[in-house]
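Below is one structure, written out as structure tokens; comments come after it.
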2 protein chains.
Amino acid sequence: MFSKACQYGIKSVIYIWKQSLLGNKVGAKEIAEHVDAPEPFTAKILQELVRKKIIGSQKGPTGGFYADGAHESFTLRDLVEVIDGDGLFKGCSLGLKECSETNPCPLHHEIKKVRTHVVDMLTKKSLKQLAQEVERGETVLARFDF
Amino acid sequence: MFSKACQYGIKSVIYIWKQSLLGNKVGAKEIAEHVDAPEPFTAKILQELVRKKIIGSQKGPTGGFYADGAHESFTLRDLVEVIDGDGLFKGCSLGLKECSETNPCPLHHEIKKVRTHVVDMLTKKSLKQLAQEVERGETVLARFDF
DNA sequence: CAATTTAAGGACTTTTTTATCCTTTATTGT
DNA sequence: ACAATAAAGGATAAAAAAGTCCTTAAATTG
């Protein structure tokens, strides 16, 4: 469903939000450790997320990645689209060049409903809200004894 | 959602069923043409599906791939699992090593519902039924002027 | 039985994804 | 201004997925 890059991206951004809510900027290394992802690869993904303004970053000492008011409205849907593109939401799931309501592939109508459900899931909560759930201990980003 | 291999596999098996309902066995080349997929790659995928008994095959002249009573109960779920594995149905969607009801990742509960929906979609109809819909012209496997 | 046909199997190539490393640039504190 | 720190960027490497090709094995027909 999600690529590895996307999984790392999701966990990283939630972790960044969690720390930002506590007033901390965090470095790529710390992030990678806390979400159980390879550091250099994670750094690459974060770079892209900064470029697309899903999160912010600052260089130099006391710098790091962060999220604030400017990023408050982003959801998983935005993040997933940046990293994995819109293949999960758009286009024929069987790869037909011409697939539409009047010329539907065997999965067309059913996939449409599943996609609505998926988009619902990905837009229901903001990334910030997901981080708040982690902060409250309702959900976790890695094994919880970490 | 589905790998290329899986997309080709789905379309191929539906085409094979469609032809089998008309009493025809079909060769890899014909299949690949009708589902708009690369022939040698499609042949590889079909090999695997035969090995896992999703379809049947016969060598030699008048041979080819086919489906019959022995394959009647298979659904997309079976096929997808053979080709893409169970990643779409099982395991943590964020890759957490320990993700469970009591130690859930941020997507755990929502993904569970989506997966139920996905499995519903993939088990609702047999591959044979999907082929019958194609035969009736309700759905298509490639551009419909083919 | 010989020729032909078609799937099976294995080796191989290409492309994409995943992952690492090194250099440069920006920022901070002294 | 200088040293230290952290992200940005680019080049490269490894692994997986996608795709091809060639040889072998099985079945059919004349």
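Every heavy atom of this structure was used, including side-chain atoms; hydrogens, water molecules and symmetry mates were not. The sequence lines fix the lettering, A, B, ..., with proteins before strands; numbering per chain opens at 1.
- Straight-line distance from the NZ atom of Lys25(A) to the P atom of dT27(C): 12 Å, rounded to whole Å.
- Residues Glu133(A) and Arg136(A) are not paired through a salt bridge, judged by the lack of any N-O separation under 4.0 Å between the basic side chain and the carboxylate.
- Base contact: Pro40(B) has a heavy atom under 4.0 Å from a base atom.
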Distances under 3.5 Å only, N/O to N/O: pair up the protein atoms with those of nucleotides 4-8 of chain C.
from, atom 1, to, atom 2, distance (Å)
dT6(C), O4', Gly60(B), O, 3.3
dT6(C), O2, Gly60(B), N, 3.4
dA7(C), OP1, Ala28(B), N, 3.3
dA7(C), O3', Ser57(B), OG, 3.1
dA8(C), OP1, Ser57(B), OG, 3.0

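- Where DNA chain D meets chain A (any atom under 4.0 Å from a heavy atom), the bounding nucleotides read 5' to 3' are dA4(D) to dA11(D).
- No contact: Tyr66(B) has no heavy atom under 4.0 Å from any strand.
- Minimum interatomic distance between Cys92(B) and Cys105(B) (heavy atoms only, all atoms of both residues): SG-SG, 3.8 Å.
- The CD1-P distance, from Ile83(A) to dA19(C), rounds to 13 Å in whole Å.
- Residues Phe74(A) and Val13(A) are not in side-chain contact: their nearest non-hydrogen atoms beyond the backbone lie 4.5 Å or more apart.
- A salt bridge is absent between Lys52(B) and Glu81(B): the closest approach of a Lys/Arg side-chain nitrogen to an acidic carboxylate oxygen does not fall below 4.0 angstrom.
- Expressed to the nearest 0.5 Å, how far CG of Asp36(A) lies from CG of Leu94(B) amounts to 12.0 Å.
- Here dT18(C) presents its P atom at 14 Å from CD of Glu48(A), a figure rounded to the nearest Å.
- A side chain to side chain donor-acceptor pair (under 3.5 Å) with Glu110(A) holds for exactly one of His108(A), Lys112(A), Lys113(A); it is Lys113(A).
- Among Leu49(B), Leu46(B), Thr75(B), the one residue that satisfies the side-chain contact (heavy atoms from CB on, under 4.5 Å) test with Ile54(B) is Leu49(B).
- With salt bridges taken as basic N to acidic carboxylate O contacts below 4.0 Å, one links Arg51(A) and Glu48(A).
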